[in-house]
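Heads up: the structure comes next, in C-alpha cells.
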Amino acid sequence: MTGKHTVAEKLPNDADAVLAQVGGTPLVRLRTITKGLASAVYVKLESENPGGSIKDRTALSMVRAAERSGALQPGATIVESTSGNTGIGLALIGALTGHPVVVVTGDSISAEKLAALHRYGARVVITDWDAPSGSPENARAVAARITAETPGAWRPLQFDNPANPQAHYDTTAPEIWEQTGGAVTHFVAGVGTGGTISGTGRYLKEKSAGHVEVIGADPFGSVYSGGHAGQILVDGVGNTWPEADWPKAFNRSTVDRFLRIPNDEVYTTAHRLLNDEGLSLGPSSGLAVAAALRVALAAPHGSVVVAIAPDAGSNYLSKAFNPVWLAENHIRVAPDVAEELAEPSTGRRT
Ligand code: PMP
C-alpha cells in the first residue's frame with residue numbers, strides 16, 4: 001500500500017462520466033438470418049446505453065432541455081407516464097443528478113423493467129394502462145395529478161416533447177450516418193412516441209438529399225399502419241389512439257411507409273436473433289429486424305438497411321422468452337416462420 005486512499009476513492013465519481021456513456025452505441029451487421037440476401041442489414045444496439053435502452057438518449061435530452069429552460073430546478077421531482085424504458089432512463093438520470101423520479105406505468109410492464117425502476121430508486125405507480133383518456137385511472141391523468149400535488153415537479157411529456165425527436169436528430173442519426181460511411185439506404189424503426197423515427201429519419205433524409213427511405217415497423221393492433229386498434233403485444237411500440245391524438249413527437253411525413261408485422265414473425269425474429277446471431281434483443285427489436293429483412297428482400301441489390309434495436313432481451317425473460325407467456329398470448333415461435341412469410345423476390349440470391 002503506497003497511499004492512504006483506496007483505489008475506489010481515487011476513481012472519478014462523476015455523474016457526467018456515466019451520462020457521457022449515453023449514445024455512441026455499436027452498429028452490427030447481421031450475418032446468419034440474412035443469408036442469401038443481396039443487401040446488408042445492420043442493427044443499432046441501443047441496449048448498450050447505461051440504462052439499457054434507446055430511451056436514455058430521450059430522457060437525457062428532455063432533462064437537459066428542461067434544465068436549460070428552467071422548467072426543471074435542482075432537486076425537483078420528475079413525474080412521467082411511460083411503458084417502461086423512458087422511466088428507466090429518467091430514474092437513472094434522476095439518481096445521478098439528485099432528482100426524485102415518479103414513474104406511472106401499466107400493469108403489463110415486465111417484472112424485469114419494474115425491477116430496474118426500483119433498482120434506480122424510482123417510485124412506481126401502477127395504473128390501468130388501457131384506461132381511456134377521460135378516466136381518472138388513465139396513466140397520463142394519474143401523472144398529471146401527482147405532478148400537481150408535488151411542489152416544483154416537472155413532467156417531461158415524452159409524447160409531445162420536441163427534445164424527444166431532437167435527441168435522435170442530434171445523436172442517433174449522425175452515428176448511423178458515420179458508422180455506415182453515408183452508405184445507409186433504408187432506415188427501419190418501430191414507432192411508439194415516434195421520437196426515434198422522426199428525429200433519425202429527418203436527419204438521414206437531409207444528409208442523403210432525400211435518398212434514405214424511412215420505414216415504420218408496426219405491430220398488429222396499432223393504427224399507425226392503418227389497421228384497426230386492438231391489443232398490441234409488442235412492448236413500447238404502436239398506438240391505438242385516434243389520429244387527432246397522435247403524439248406531437250411523431251412527424252408522419254418523415255415516414256415513407258409502414259410495414260405491419262404479425263406477432264408470430266416479431267417473436268420468431270427475436271428468438272432467431274438470439275439463437276442464430278447471438279444477439280439478446282427485445283420484441284420491438286424483433287419487430288424492426290423482421291421489417292428490415294422484408295425491406296432488404298425487396299430492395300435493390302447492395303442496399304444498406306439499418307434497423308433500430310431499442311433494448312435487450314433480458315428485459316423480457318418473463319414474456320418474450322417465456323413459453324408460458326407466449327402460449328397464453330397465442331404467439332407461435334417457429335424457426336422457419338420468417339422464411340415462410342418471406343415472399344419470393346428478386347432481392348434474394350438463388
Ligand atoms: N421499443 C421500445 C422497447 C420502447 O420502449 C420504445 C419507446 N416507447 C420504442 C421501441 C419506440 O421508440 P419511440 O418512442 O422513439 O418511437
Side-chain angles (χ1 to χ4, degrees), residues 23 25 43-47 49 51-62 80-91 103 105-106 108-110 112-114 116-117 129 139 156-173 187-203 214-219 222 224-225 232-241 246-252 254-255 258 261 266-267 269-270 273 280-292 307-316 319-320:
T25 55
V43 183
K44 185 107 168 113
L45 295 180
E46 291 299 308
S47 51
N49 283 296
S53 88
I54 193 165
K55 287 300 191 165
D56 285 2
R57 297 179 190 262
T58 320
L60 187 58
S61 168
M62 294 190 298
E80 182 70 317
S81 55
T82 154
S83 67
N85 282 329
T86 303
I88 295 171
L90 288 168
V103 170
T105 191
S108 65
I109 187 172
S110 74
E112 293 85 354
K113 283 190 193 173
L114 201 54
L117 287 169
W129 196 249
L157 292 168
Q158 57 164 338
F159 284 87
D160 298 326
N161 191 326
N164 168 2
Q166 192 67 38
H168 303 290
Y169 185 91
D170 290 342
T171 69
T172 317
F187 175 68
V188 185
V191 184
T193 67
T196 303
I197 202 159
S198 305
T200 312
R202 182 162 72 87
Y203 180 96
V214 176
I215 298 110
D218 212 28
S222 170
Y224 280 140
S225 51
I232 296 175
L233 287 173
V234 186
D235 281 20
V237 287
N239 186 358
T240 56
W241 303 333
W246 284 4
K248 292 193 183 68
F250 175 51
N251 179 1
R252 176 67 184 85
T254 309
V255 182
F258 273 98
I261 310 292
V266 167
Y267 284 86
T269 307
L273 282 164
S280 167
L281 304 173
S284 71
S285 304
L287 172 78
V289 171
I308 292 282
D311 67 358
S314 51
N315 267 344
Y316 307 93
K319 295 175 84 174

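Just follow the structure's listing: the first ligand is 1, and inside any ligand the first atom is 1. Values in this document were obtained by computation on a predicted structure and should not be read as measured data. As a basis for the values below, the full set of heavy atoms in this structure was taken, side chains included, without hydrogen atoms, waters or symmetry mates.
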Are the side chain of Ser110 and the backbone of Asn315 linked by a donor-acceptor contact shorter than 3.5 Å? yes
Residues at least two apart in sequence or cross-chain that pass side chain to side chain contact (heavy atoms under 4.5 Å, CB included) with Ile232, listed by chain then number, are Pro219, Ser222, Thr240
Is the closest basic N to carboxylate O distance between Arg57 and Glu46 below 4.0 Å? yes
Do the rings of Trp246 and Tyr224 sit parallel, tilted or perpendicular, given the 30° and 60° boundaries? perpendicular
Side chains of Gln158 and Thr193: donor-acceptor distance under 3.5 Å anywhere? no
So does Gly84 get a backbone contact from the side chain of Lys55, meaning a donor-acceptor N/O pair under 3.5 Å? no
Check each N or O atom of ligand 1 against all protein N or O atoms and list the pairs under 3.5 Å, with atom names and distances to 0.1 Å, one per line.
unit_1: ligand 1; atom_1: 1 (N); unit_2: Ser284; atom_2: OG; d: 2.7
unit_1: ligand 1; atom_1: 5 (O); unit_2: Asn85; atom_2: ND2; d: 3.0
unit_1: ligand 1; atom_1: 8 (N); unit_2: Gly236; atom_2: O; d: 2.9
unit_1: ligand 1; atom_1: 14 (O); unit_2: Lys55; atom_2: NZ; d: 2.9
unit_1: ligand 1; atom_1: 14 (O); unit_2: Thr193; atom_2: N; d: 2.8
unit_1: ligand 1; atom_1: 14 (O); unit_2: Thr193; atom_2: OG1; d: 2.6
unit_1: ligand 1; atom_1: 15 (O); unit_2: Thr196; atom_2: N; d: 2.9
unit_1: ligand 1; atom_1: 15 (O); unit_2: Thr196; atom_2: OG1; d: 2.6
unit_1: ligand 1; atom_1: 16 (O); unit_2: Gly192; atom_2: N; d: 2.7
unit_1: ligand 1; atom_1: 16 (O); unit_2: Thr193; atom_2: N; d: 3.3
unit_1: ligand 1; atom_1: 16 (O); unit_2: Gly194; atom_2: N; d: 2.9

